[in-house]
2 protein chains.
Amino acid sequence: MSQPSRSRVQPVHSPHPGLAPWLDRVVCADCLELLEQLPDESIDLIFADPPYNLQLAQTLIRPDSSVVDACDDEWDQFESFAAYDQFTRAWLSACRRVLKDSGTLWVIGSYHNIFRVGAALQDLGYWVLNDVVWVKANPMPNFRGVRFTNAHETLIWCKKSATAKGYVFNYHDMKAANGGKQMRSDWYFPLCNGGERLRDEDGAKLHPTQKPLGLIDRVIAAASRPGQVVLDPFAGVGTTAVAALRRGRHFVAVEREPGYVAAALQRLEAESDGQLPLFAYGT
Amino acid sequence: MSQPSRSRVQPVHSPHPGLAPWLDRVVCADCLELLEQLPDESIDLIFADPPYNLQLAQTLIRPDSSVVDACDDEWDQFESFAAYDQFTRAWLSACRRVLKDSGTLWVIGSYHNIFRVGAALQDLGYWVLNDVVWVKANPMPNFRGVRFTNAHETLIWCKKSATAKGYVFNYHDMKAANGGKQMRSDWYFPLCNGGERLRDEDGAKLHPTQKPLGLIDRVIAAASRPGQVVLDPFAGVGTTAVAALRRGRHFVAVEREPGYVAAALQRLEAESDGQLPLFAYGT
DNA sequence: CAACACCGTGAATCGACAA
DNA sequence: GTTGTCGATTCACGGTGTT
């Protein structure tokens, strides 16, 4: 990891010392390499959407004989559960070092990986505050009729340790957003599609698993305050960064795939309408 | 484990050899002791609602009897998780031996234990088919307003191995029960209360976590056929047995606490209206 | 222009059996 | 183990085109 190669338009008088080179940047790097560069206890909130290790065995055909466009990307391939566990513990450990004692971590996953992630974070000393289910309005059906429709994903929300104090939970905002009743652990959102889904000129999706902005917005609105720093170690096409920007939070976005980084930068520059400093590439 | 001490009213001409002493019985025993008595590959469906009280697991299983610090000590957490994992792997292994190759296992839990259970069963070779969330119609609010309302629990449905064939999924029944559309992985049920909740003369709950009958009925209806055998290694007050009985499935119910066993027997005798053989106590 | 029909698609661990 | 055959199998939403 070298320093970013493009300088910002304006100097930032940051209340976040040591983060300046990466603050409000999308950095193209392996997340472990970048996390090594960040100071201890510098991050308020982490949202992580790691590879799910789907282990797809064959092509899936719909009843109308069309082929499902599966997530078969190289970055989602792991040799074994043991290899996935090692990867998981590595990034969770690195995140724990940079997380403030008052900070919290969110991870999203499916049954393929979430149990392993949950056990690993408990083993590392994180303390679970809630698990939350994203109930999908419009999931893909089970075409063969051999299982239940996979209609949800799971998020885990945890603090740094059982004894950690001072984490942010904007209880009243959540209650207000839920019609005056306490926000529950089941969240209903549609899949990311329509105009929100990023596509190339041919209409192909830019990212196989782009998350809905509304989902991440709720995470940021619930568990951070304006001016705090949100880290996304698997930033993809930058949905977390966009949500942070709109909510007035700083962000540090890390993504290994240059194509995703380019899409995220384009999205953020459109979002900020030229008012934001330029966003930087790492190496 | 001795043989049951009370004989049945009628001989059972069972298509389930080796299970006769425990078939359609509530056995008062530690589940590991009873599982040792069951033949290999004799069970079609297992529903397990294991304890997740870490303090309980610690006092029961921790090998040494050293005095531990308060439960907010990190080392203590590790010890506690390790003890719980050991307990989990033991009963999951025993269940896997008695499960038919075509059988499936369900486990229910909350964020306190479900990640550990899920990782353990994957490590043991079970293959997850679905995770299912029980979305609670009427959850207990979070009185202190420091977290989201804990409004769901998680069930994991798995088969014996990735290559196991022939598991039961009554797709059309589930579809019909869902108004003609595929049954999804999010199930909406109220908590067990009202007339369904078992209480003593003082109105106190007989069991702290009695599950709603509708939830377990859906599990049995989805994943077993009439005449098959359902095992519940943590039977509590016998909800699984009642559900199996009503659906025409045989059951083997194991529960360590005599008070719960007594409640389950009373419930089943009322349920069967004298038509069932007497239910047996183990030791 | 409104209403309707049609089509594409989404983190998916998606057969059983005989030769 | 591999291959070929037979058979059973989809929901919600958004975009486009037609009536």
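Quick note on labels: first sequence line is chain A, next is B, and so on, each numbered from 1.
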Would you tabulate the nitrogen or oxygen pairs shorter than 3.5 Å linking the protein to nucleotides 2-5 of chain D?
none

Mind listing the N/O atom pairs, protein and nucleotides 16-18 of chain D, below 3.5 Å?
none

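- What separates NE2 of A:His207 from C1' of C:dG10 is a distance of 14 Å, to the nearest Å.
- Near-neighbour residues of DNA chain C inside residues 186-201 of chain A, defined by a heavy atom below 4.0 Å, number-ordered: A:Leu191, A:Arg197, A:Arg199.
- B:Lys175 has its NZ atom 14 Å from the P atom of D:dA8, to the nearest Å.
- Under the rule for a side-chain hydrogen bond (donor to acceptor under 3.5 Å, both in side chains), the partners of A:Arg97 that lie at least two apart in sequence or sit in another chain are A:Asp40.
- Following rounding to the nearest Å, A:Leu54 (CG) and C:dA12 (C1') show an atom-to-atom distance of 7 Å.
- Distance noted for atom C1' between D:dT19 and C:dC1: 12 Å (whole Å).
- With sequence neighbours excluded, the residues satisfying side-chain hydrogen bond (donor to acceptor under 3.5 Å, both in side chains) with A:Arg249 are A:Ser224.
- Protein atom CE of B:Met183 is 16 Å distant from nucleotide atom P of D:dT9, rounded to whole Å.
- Considering only the side chain of A:Asn138, D:dA12 comes nearest among C:dA12, C:dA11, D:dA12.
- Side-chain contact between B:Tyr167 and B:Trp127: absent, with no pair of heavy atoms (C-beta onward) separated by less than 4.5 Å.
- Spacing of C1' atoms, C:dC7 relative to D:dT10, comes out at 14 Å, to the nearest Å.
- The distance from atom CE of B:Met174 to atom P of D:dT10 is 15 Å, rounded to the nearest whole Å.
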Decide side chain to side chain donor-acceptor pair (under 3.5 Å) for A:Tyr260 and A:Trp75; before the verdict, give the C-alpha distance in whole Å, the side-chain angles of both, and the deciding distance to 0.1 Å. CA-CA 13 Å; A:Tyr260 299 158; A:Trp75 49 256; 3.2 Å; yes
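- For residues 166-188 of chain B, the pairs satisfying salt bridge (charged side-chain N to carboxylate O under 4.0 Å, His left out) are B:Arg184-B:Asp186, with sequence neighbours left out.
- The minimum heavy-atom distance linking A:Leu213 with A:Glu196 is given by the pair N-OE2, 2.6 Å.
- Atoms CG (A:Asp64) and C1' (C:dG10) sit 14 Å apart, rounded to a whole Å.
- Annotation: salt bridge (charged side-chain N to carboxylate O under 4.0 Å, His left out) contacts involving residues 58-72 of chain A, sequence neighbours excluded, comprise A:Asp69-A:Lys205.
- In this structure, B:Arg116 forms no cation-pi arrangement with A:Phe115, as its terminal cationic atom is not both closer than 6.0 Å to the ring centre and no more than 45° off the ring axis.
- For A:Lys211 against C:dA11, a side-chain N or O and a base N or O form a donor-acceptor pair under 3.5 Å.
- Scanning atom types as modelled, one donor and one acceptor separated by under 3.5 angstrom connect the side chain of A:Arg62 and the base of C:dG10.
- The residue A:Thr209 sits close to a base: some heavy atom pair falls under 4.0 Å.
- Nucleotides C:dA19 and D:dG7 have their P atoms positioned 15 Å apart, rounded to a whole Å.
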Begin from the C-alpha positions of B:Ser110 and B:Glu153 and carry the test side chain to side chain donor-acceptor pair (under 3.5 Å) through to its verdict. CA-CA 5 Å; B:Ser110 69; B:Glu153 291 188 27; over 6 Å; no
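- A search for side-chain hydrogen bond (donor to acceptor under 3.5 Å, both in side chains) contacts involving A:Asn130 returns nothing, not counting sequence neighbours.
- Nucleotides of DNA chain D nearest to B:Arg184 and A:Pro63 differ in position, and the one nearer the 5' end is that of A:Pro63.
- Screening residues 43-57 of chain A for salt bridge (charged side-chain N to carboxylate O under 4.0 Å, His left out) gives A:Asp44-A:Lys100, A:Asp49-A:Lys211 as the qualifying pairs, with residues at least two apart or on separate chains.
- Checked against D:dC11, C:dA12, D:dT9, the side chain of B:Lys181 finds its nearest nucleotide in D:dC11.
- Take B:Lys159 and apply the side-chain hydrogen bond (donor to acceptor under 3.5 Å, both in side chains) test, not counting sequence neighbours, and it matches no residue.
- When B:Tyr52, B:Phe47, B:Phe234 are each tested for a side-chain contact (heavy atoms from CB on, under 4.5 Å) with B:Ile108, only one passes: B:Phe47.
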Using a cut-off of 4.0 Å between protein heavy atoms and nucleotide atoms, how would you tag nucleotides 14-19 of chain C 5' to 3' with B, S and -? BBS---
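- Spacing between atom CG of A:Asp73 and atom P of C:dG10 amounts to 12 Å, rounded to whole angstrom units.
- Counting any heavy atom pair closer than 4.0 Å across all strands shown, A:Asp76 reaches a base atom.
- Side-chain contact between A:Arg246 and A:Ile220 is absent, with no heavy-atom pair separated by less than 4.5 Å.
- The C1' atoms of C:dG10 and C:dC14 are separated by 15 Å, rounded to the nearest whole Å.
- Taking side-chain N and O atoms only, B:His172 has no distance below 4.0 Å to OP1 or OP2 of D:dA8.
- Of the candidates C:dG10, C:dA11, D:dT10, the closest approach to any side-chain atom of A:Asp49 belongs to C:dA11.
- The C1' atoms of D:dG1 and C:dA16 are separated by 16 Å, rounded to the nearest whole Å.
- Heavy atoms of A:Thr59 sit under 4.0 angstrom from at least one base atom.
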Expected output check: what is the dot-bracket annotation of DNA chain D, where ( ) and [ ] are pairs inside the strand (brackets for crossing ones), | is paired with another strand, and pairs are Watson-Crick or G-U under 3.5 Å? .|||||....|||||||||
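- Residue-environment remark: CD (B:Glu41) exceeds the threshold of 12 foreign heavy atoms within 6.0 Å.
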Criterion side chain to side chain contact (heavy atoms under 4.5 Å, CB included) on A:Gln77 and A:Asn53, from CA distance to verdict: CA-CA 6 Å; A:Gln77 309 296 323; A:Asn53 190 25; over 6 Å; no
When you look at A:Arg267 and A:Thr239, which way does the side chain to side chain donor-acceptor pair (under 3.5 Å) test go after all the steps? CA-CA 9 Å; A:Arg267 202 175 168 195; A:Thr239 307; 3.0 Å; yes
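- Using modelled atom types, one finds a donor on one side chain and an acceptor on the other under 3.5 Å when comparing B:Gln182 with B:Tyr171.
- Nucleic acid contact class of A:Pro212 (heavy atoms, under 4.0 Å, all strands): none.
- Note: CG (A:Asp72) to C1' (C:dA11) measures 11 Å, nearest angstrom.
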